[in-house]
Number of protein chains: 2
Amino acid sequence: MSDLAGRNGNRNRRATLKDVALASGLSQSTTSRALSGEGYVAEAARQRVLAAAEQLGYVPHAMARSLRKQVSRSVGVLVSDLRNPFYADLAAGIGAQARARGYTMMLVADQGLEEEQLSAAQAFVGTRAAGVIVTPLSAAVPQYLLSQQIPVVEVDRHFLPQACDSVTIDNETVARRITEHLLSLGHRSIGLLIDETAWTTGEARMAGYTHALEDAGLEVDRGLIIAAGSDVTAARAAVVDMLARRVRPTAMFAANNLLAEGLWRAAHALGLRIPEDLSIVSFDDAEWMSMVEPGITAIAQDAVALGEAAMDQLLDRIADPDAPPAGIVLEARIVPRGSTAAPGGSH
Amino acid sequence: MSDLAGRNGNRNRRATLKDVALASGLSQSTTSRALSGEGYVAEAARQRVLAAAEQLGYVPHAMARSLRKQVSRSVGVLVSDLRNPFYADLAAGIGAQARARGYTMMLVADQGLEEEQLSAAQAFVGTRAAGVIVTPLSAAVPQYLLSQQIPVVEVDRHFLPQACDSVTIDNETVARRITEHLLSLGHRSIGLLIDETAWTTGEARMAGYTHALEDAGLEVDRGLIIAAGSDVTAARAAVVDMLARRVRPTAMFAANNLLAEGLWRAAHALGLRIPEDLSIVSFDDAEWMSMVEPGITAIAQDAVALGEAAMDQLLDRIADPDAPPAGIVLEARIVPRGSTAAPGGSH
DNA sequence: CGTCGATCTGGGATCGTTGCCACAGGCTTG
DNA sequence: CAAGCCTGTGGCAACGATCCCAGATCGACG
């Protein structure tokens with residue numbers, strides 16, 4: 001359709017509004033009005049401006065515009081780790097929705113470091129982001145951003161339920177359900193592999209697990225709960241330690257996809273048969289879980305939908321800064337696969 | 001350390017340079033000098049300014065600064081699909097390097113749509129990005145950006161070798177190597193599953209495949225080459241079609257990770273044993289390939305390193321816009337696993 | 001003692017936009 | 001025909017930073 005190069009290949013300075021005005025023989029005011037479509041401008045003049053803009057390959061300077069209008073069309077996004085498919089999907093959902101609504105996404109992965117997260121938040125303040133979506137590590141970042149008048153949506157985890165919008169899933173209920181699933185198969189000794197219990201996610205997942213056990217009249221054995229760093233090799237090592245003991249659980253619940261991978265690799269390394277020797281369930285579904293034999297029973301949360309919802313909520317908040325904070329809770333479902341069976345190898 | 005909230009929780013306007021100047025009783029000029037550390041400013045004055053800035057929670061307005069200095073500290077990144085681990089890792093590498101060098105990353109996933117890609121490029125021009133890293137779909141986007149004086153690095157694929165920096169791997173050589181690997185095992189009928197042959201990647205991968213066959217004195221059978229859309233279900237369907245034929249190849253080469261997944265699922269659906277009934281190799285390594293039984297022999301390219309190199313190259317280019325365009329070629333290695341064996345089930 | 005340089009400070013133009021305001025015609029209306 | 005309205009246009013002051021330049025103060029040096 002339009003020649004994107006703007007027949008401008010040999011010019012060395014980027015075209016500015018002034019250039020367009022000069023080329024069309026009109027004032028900057030009129031030119032601006034013609035291009036933005038706001039305010040009176042004669043049809044003939046409008047055409048001349050449009051033609052000149054096209055001919056010069058003019059693209060309005062978004063920063064100058066933001067500065068003048070005091071509104072920005074870009075949002076900051078702060079996730080833990082793009083290499084984890086959960087966060088990548090989350091970012092994909094946010095980015096798609098942002099583009100659809102005419103926003104630019106500035107993305108930072110903080111590697112789970114509080115320090116990085118804070119400095120990224122400062123960078124967002126620096127660019128005067130219209131809002132920020134964050135998977136927070138503590139209350140610090142949301143608090144800081146709110147103190148700077150920047151709308152914030154907490155996603156996946158939330159630390160400021162009374163002050164901040166959030167999009168999460170009902171971690172406790174779904175963790176309880178999947179634990180009940182194991183209990184109903186006859187398991188009485190169920191291990192939990194978890195990375196942290198301080199964020200709302202870990203806390204809720206553990207609560208779901210313990211409540212399910214308690215409701216079944218079982219005592220929670222702290223020795224069956226392993227806290228591992230949230231990376232595959234650390235998880236694997238921690239699990240090998242535990243499973244190598246004489247008396248071991250008949251089922252294990254991994255609280256996220258990385259831990260599940262560590263768990264799975266540990267079980268393999270120890271030569272344990274799944275599900276005969278050990279049943280396995282995972283919070284978070286991942287590609288490989290439907291490909292290994294047997295497949296892993298998992299909790300599937302739609303991270304893309306989570307991201308889309310977060311972006312929608314952020315834009316609502318930008319549109320109405322004084323509305324009361326809302327917490328959106330999305331559904332997650334259990335995908336039963338072959339990794340769970342009755343204990344004792346009764347296949 | 002420093003109170004990030006800046007004891008400013010109750011103020012409603014964001015602090016500006018003028019506010020800091022007022023608070024410290026100095027002019028904006030001096031305040032600016034004190035904060036940026038450029039030019040003369042008395043030590044006592046500097047301290048007063050810093051204290052006032054801290055106290056107000058002042059964060060410099062990056063856009064105003066960019067506008068005035070006519071340089072931007074943010075880069076645009078344009079990839080195909082964040083849900084594909086290859087692109088997610090690429091973005092992770094770029095983002096990490098960008099942050100380390102003090103740049104902000106604006107990220108867009110174009111879903112492989114040319115149209116989306118062009119409009120994203122225009123958005124980058126609008127924000128006056130300091131540079132752009134792109135996995136291009138055609139020459140159009142790099143060309144457009146260059147015509148707008150914006151430094152561009154093409155990554156993974158490259159369409160403007162003579163005008164544009166690029167970071168790639170040697171697709172042809174490594175594709176040839178892995179085909180030779182299959183030939184050396186005794187395979188004489190090797191299928192190729194590929195998504196496109198127009199981009200440089202597909203073209204080179206196919207060239208590697210055909211050259212390996214030709215060098216072995218084999219004729220290239222067009223019937224063994226399937227072009228499928230680059231998504232799992234389409235690839236699966238295309239493969240099922242082919243493998244269901246009476247005479248089928250003894251080995252298959254999938255040209256990327258999505259195609260490999262489709263291939264793998266198709267083989268499973270048809271009840272084919274790997275590698276006895278069919279050997280499988282993949283361009284791109286993925287998590288699941290080391291977890292399924294047997295593991296998939298794959299070409300591992302370090303997407304994170306690719307991204308880091310691209311960012312480094314972009315910054316070099318920004319620093320020296322007139323240097324001749326360079327093409328960086330990174331190594332990729334073959335990871336042998338259990339999915340490849342001699343044909344005919346001689347395990 | 002006058003001049004020079006070094007140190008320190010503030011005024012004001014500027015980056016590319018937008019939007020308020022004034023103004024100039026032409027038209028309708030009482 | 002004066003008063004009012006609608007249309008179309010341009011001038012100019014912002015937005016928040018930087019940075020050039022002029023001026024001021026002070027010590028040193030010829």
Side-chain angles (χ1 to χ4, degrees), chain A residues 11-50 52-53 56-74 122-123 125-130 148-149, chain B residues 11 13-50 52-53 56-74 123 125-130 148-149:
Chain A
R11 290 276 299 284
N12 47 9
R13 213 171 40 76
R14 214 123 48 197
T16 178
L17 184 70
K18 196 187 212 168
D19 299 328
V20 180
L22 242 46
S24 56
L26 289 161
S27 72
Q28 291 190 42
S29 306
T30 306
T31 309
S32 170
R33 259 176 278 127
L35 290 169
S36 67
E38 320 236 318
Y40 292 118
V41 51
E43 183 55 26
R46 213 177 66 83
Q47 293 302 339
R48 262 197 303 163
V49 169
L50 260 38
L56 293 170
Y58 171 71
V59 179
H61 195 309
M63 296 192 169
R65 196 207 294 270
S66 289
L67 181 60
R68 173 62 232 243
K69 299 184 77 160
Q70 296 287 80
V71 289
S72 141
R73 293 289 272 178
S74 71
Q122 275 181 304
V125 175
T127 60
R128 298 303 188 262
Q148 292 280 345
Q149 323 293 333
Chain B
R11 289 278 298 284
R13 213 172 39 79
R14 214 122 51 197
T16 177
L17 184 69
K18 196 189 216 167
D19 299 329
V20 179
L22 242 47
S24 57
L26 290 161
S27 72
Q28 292 190 42
S29 307
T30 306
T31 309
S32 171
R33 259 176 277 129
L35 290 170
S36 68
E38 322 234 316
Y40 290 118
V41 50
E43 183 54 26
R46 213 177 65 84
Q47 292 303 339
R48 262 197 301 162
V49 169
L50 260 39
L56 293 170
Y58 171 71
V59 179
H61 194 311
M63 297 193 170
R65 195 208 296 267
S66 290
L67 180 59
R68 174 61 232 244
K69 298 185 80 161
Q70 295 287 77
V71 291
S72 139
R73 292 288 272 180
S74 71
V125 175
T127 61
R128 298 305 189 259
Q148 291 281 344
Q149 322 293 332

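Per chain, numbering begins at 1; letters A, B, ... match sequence-line order. These figures come from a predicted structure and were not determined experimentally.
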Between [options], which one does the side chain of [X] approach most closely?
X	options	value
Lys69(A)	dG19(C), dG16(D), dG11(D)	dG19(C)
Leu67(B)	dA17(D), dG16(C), dG19(C)	dG16(C)
Arg33(B)	dG10(D), dG10(C), dC19(D)	dG10(C)
Gln70(A)	dG11(D), dT17(C), dG16(D)	dG16(D)

Expressed in angstrom and rounded to an integer, what is the separation of [X] atom [atom1] from [N] atom [atom2]?
X	N	atom1	atom2	answer
Arg46(A)	dT9(D)	CZ	C1'	16 Å
Met63(A)	dT17(C)	CE	C1'	14 Å
Arg73(B)	dA17(D)	CZ	C1'	16 Å
Leu26(B)	dG11(C)	CG	P	11 Å
Leu35(B)	dC19(D)	CG	P	13 Å
Leu22(A)	dG16(C)	CG	C1'	14 Å
Leu56(B)	dG16(D)	CG	C1'	15 Å
Arg65(B)	dC19(D)	CZ	C1'	13 Å

Between [X] and [N], does any side-chain N or O lie under 4.0 Å from OP1 or OP2?
X	N	result
Tyr58(B)	dA17(D)	yes
Arg68(B)	dT14(C)	no
Ser27(B)	dT9(C)	no
Tyr40(A)	dG8(D)	no
Thr16(A)	dT17(C)	yes

Checklist entry - In Å, rounded to the nearest 0.5 Å, how long is the span from OG1 of Thr30(B) to CZ of Arg46(B)? => result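 If we round to the nearest 0.5 Å, Thr30(B):OG1 and Arg46(B):CZ are 13.5 Å apart.
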Checklist outcome for this item: Walking DNA chain D from its 5' end, the first of Gln28(A) and Glu43(A) to be reached, judged by nearest nucleotide, is Glu43(A)
Next on the checklist: Applying side-chain contact (heavy atoms from CB on, under 4.5 Å) to Arg73(A) and Arg65(A), what does each step give before you reach the verdict?
Outcome noted: CA-CA 10 Å; Arg73(A) 293 289 272 178; Arg65(A) 196 207 294 270; over 6 Å; no
Using a heavy-atom cut-off of 4.0 Å across all strands, would you classify [X] as base, sugar-phosphate, or nothing?
X	value
Glu38(B)	nothing
Ser29(A)	base
Ala45(B)	sugar-phosphate

Checklist entry - When you look at Ser72(B) and Thr127(B), which way does the side-chain contact (heavy atoms from CB on, under 4.5 Å) test go after all the steps? => result CA-CA 9 Å; Ser72(B) 139; Thr127(B) 61; over 6 Å; no
Checklist entry - Going through the distances and angles, do Val49(A) and Arg33(A) end up as a side-chain contact (heavy atoms from CB on, under 4.5 Å)? => result CA-CA 10 Å; Val49(A) 169; Arg33(A) 259 176 278 127; over 6 Å; no
Item to check | From CA spacing to verdict: side-chain contact (heavy atoms from CB on, under 4.5 Å), Leu35(A), Leu17(A) | outcome: CA-CA 10 Å; Leu35(A) 290 169; Leu17(A) 184 70; 3.8 Å; yes
Item to check | Heavy-atom side-chain proximity of His61(B) to Leu67(A) below 4.5 angstrom | outcome: yes
